[in-house]
Amino acid sequence: MHRQMTGVEKQRFKREFPNLDVNHAIVTGGKTNRYNCIAWTMGVTNQWIWPGDNIKDFDAFYKLYGYTRSSDGPIAIWGTSESEITHGCVSGPVNGPRWESKCGGDLKIQHGLNELTGTVYGNVIAFYSREQQLREESVTYGKTETFYYFAGGRYMRITKAQQRKFLDAAVNQIDRQTVEEFHVRYVAWEKTCRHPSIVFLSNPSAVKKNEEFYSLIKMGEDILPLVVQKLIDRKNFFALQIYDALQSETDPFVRYQTERFEGEQKRAERTIHRWIQSAGFNVA
């Protein structure tokens, strides 16, 4: 896909990025939550990747791929400060003659480097260039995790069907009024998350900064089975933010992270598994 912006797209982007030359920006990818800006800087199109808020988190992430911070380079990281990173863009032979950005869950576009400067992304904070080959322990994205449980003296694979069955049973233990209220509030939250002030952002925590999110959190831990049930659908990985907020810091299943900087979809898979195991999973 290589095309000019439509009139509606020009208006929408110009409101958020007043320095963007919308008449010369080129659309190279459609709106999708399958991947975000940081994923695209690595050519990944099936994971939403966000290493953290601080520039040091991004230093560690890119180091896995042999990239180090430099005075210039094919990857530019944006932020309002080094402790509040907001965006990443990439240049090079496969990214067109200028810079290319996957704008959160919105379009992927080619643009001039500083045309996205403003209140949404801030400014370019750092560049990264590649000085070594990809390290062997770097992440391979896209593989589906296989989870197991121990039964009958051996390990058995937990299937998606078993996960759904267990979660359906857990949800059936919640009173109908709570279930209905959850779905109403969840739909309202999803609608809010499509607002331009959120949809252009790649940091998953952006979906928490609204009243609809707090309305869900106020329902308490009773809705956890409903939240985990949402995570079965890969496109609902933002529900991880609800799950995290409902957990206490001392909970051993809270905010599971790995040193591999896995994407949010992978973290959702792990969260489902860890929750159903902690809740007493069985296949009976």
Side-chain angles (χ1 to χ4, degrees), residues 16-17 33 35-44 47-91 99-106 113-114 116-132 134-135 137-139 141 193 197-210 213 237-251 253-268 270-271:
E16 304 301 318
F17 306 103
N33 279 341
Y35 68 105
N36 63 344
C37 61
I38 301 305
W40 182 241
T41 64
M42 292 289 97
V44 175
Q47 291 287 323
W48 189 283
I49 303 171
W50 193 254
D53 296 328
N54 195 289
I55 189 65
K56 292 182 179 179
D57 298 323
F58 287 80
D59 290 346
F61 171 73
Y62 284 115
K63 186 177 181 180
L64 288 176
Y65 292 90
Y67 286 84
T68 56
R69 224 189 300 183
S70 56
S71 58
D72 58 20
I75 296 173
I77 294 300
W78 297 64
T80 57
S81 69
E82 289 195 352
S83 61
E84 191 172 346
I85 304 304
T86 57
H87 181 62
C89 60
V90 61
S91 66
W99 289 80
E100 193 166 56
S101 287
K102 176 62 170 64
C103 298
D106 213 287
L113 177 59
N114 293 316
L116 299 185
T117 299
T119 57
V120 179
Y121 293 154
N123 304 281
V124 174
I125 296 292
F127 293 95
Y128 292 87
S129 59
R130 193 169 186 174
E131 296 183 351
Q132 53 186 299
L134 181 66
R135 287 168 51 177
E137 64 268 33
S138 296
V139 188
Y141 292 102
C193 291
S197 64
I198 296 176
V199 77
F200 283 117
L201 299 174
S202 284
N203 188 336
S205 67
V207 302
K208 300 192 298 184
K209 300 173 183 179
N210 54 78
F213 179 84
F237 64 86
F238 282 120
L240 280 168
Q241 302 302 313
I242 305 172
Y243 180 88
D244 290 346
L246 288 172
Q247 300 285 359
S248 66
E249 290 295 339
T250 57
D251 191 313
F253 303 103
V254 66
R255 298 178 185 177
Y256 180 68
Q257 300 286 344
T258 75
E259 295 179 354
R260 299 180 298 162
F261 297 104
E262 63 188 358
E264 290 294 279
Q265 291 94 332
K266 294 292 291 182
R267 188 164 79 90
R270 292 178 182 276
T271 296

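The first residue in the sequence is number 1, and the count goes up from there.
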How close do [X] and [Y] get, counting heavy atoms only, and between which atoms?
{"X": "Tyr121", "Y": "Leu201", "answer": "CE2-CD2, 4.1 Å"}
{"X": "Pro74", "Y": "Trp99", "answer": "O-CZ3, 3.4 Å"}
{"X": "Ala76", "Y": "Leu113", "answer": "CB-CD1, 4.1 Å"}
{"X": "Gln47", "Y": "Gly263", "answer": "OE1-CA, 3.3 Å"}
{"X": "Phe213", "Y": "Gln241", "answer": "CZ-O, 3.5 Å"}
{"X": "Cys193", "Y": "Val207", "answer": "SG-CB, 3.7 Å"}

* To do: Verify side-chain hydrogen bond (donor to acceptor under 3.5 Å, both in side chains) between Trp40 and Glu100, making sure each step is shown before the conclusion.
  => CA-CA 9 Å; Trp40 182 241; Glu100 193 166 56; 2.9 Å; yes
With the side chain counted from C-beta on, respond yes when [X] and [Y] share a heavy-atom pair under 4.5 Å apart, and no when they do not.
{"X": "Thr68", "Y": "Tyr128", "result": "no"}
{"X": "Ile55", "Y": "Arg69", "result": "yes"}
{"X": "Ile75", "Y": "Phe127", "result": "no"}
{"X": "Ile38", "Y": "Tyr35", "result": "no"}
{"X": "Asn203", "Y": "Asp53", "result": "yes"}

Going from [atom1] on [X] to [atom2] on [Y], what distance comes out if it is rounded to the nearest 0.5 angstrom?
{"X": "Asn114", "Y": "Leu116", "atom1": "CG", "atom2": "CG", "answer": "9.0 Å"}
{"X": "Thr271", "Y": "Lys266", "atom1": "OG1", "atom2": "NZ", "answer": "12.0 Å"}
{"X": "Ser205", "Y": "Leu240", "atom1": "OG", "atom2": "CG", "answer": "12.5 Å"}
{"X": "Thr86", "Y": "Phe200", "atom1": "OG1", "atom2": "CZ", "answer": "13.5 Å"}
{"X": "Ile49", "Y": "Arg267", "atom1": "CD1", "atom2": "CZ", "answer": "13.5 Å"}
{"X": "Ile198", "Y": "Asp106", "atom1": "CD1", "atom2": "CG", "answer": "13.0 Å"}

* Asked: Relative to the ring of Tyr67, is the ring of Tyr62 parallel (under 30°), tilted (30 to 60°) or perpendicular (over 60°)?
  -> perpendicular
* Over 60° means perpendicular and under 30° means parallel, so classify the ring planes of Phe238 and Trp48, tilted if in between. => perpendicular
* Asked: Got a donor-acceptor contact below 3.5 angstrom from the Lys208 side chain to the Asn210 backbone?
  -> no
* To do: Show your reasoning for whether salt bridge (charged side-chain N to carboxylate O under 4.0 Å, His left out) applies to Lys56 and Glu82.
  => CA-CA 8 Å; Lys56 292 182 179 179; Glu82 289 195 352; over 6 Å; no
* Asked: Taking the six-membered ring for Trp, is the centroid-to-centroid distance between Phe58 and Trp78 below 6.0 Å?
  -> no
* Is the closest side-chain donor-acceptor distance between His87 and Ser101 under 3.5 Å? -> yes
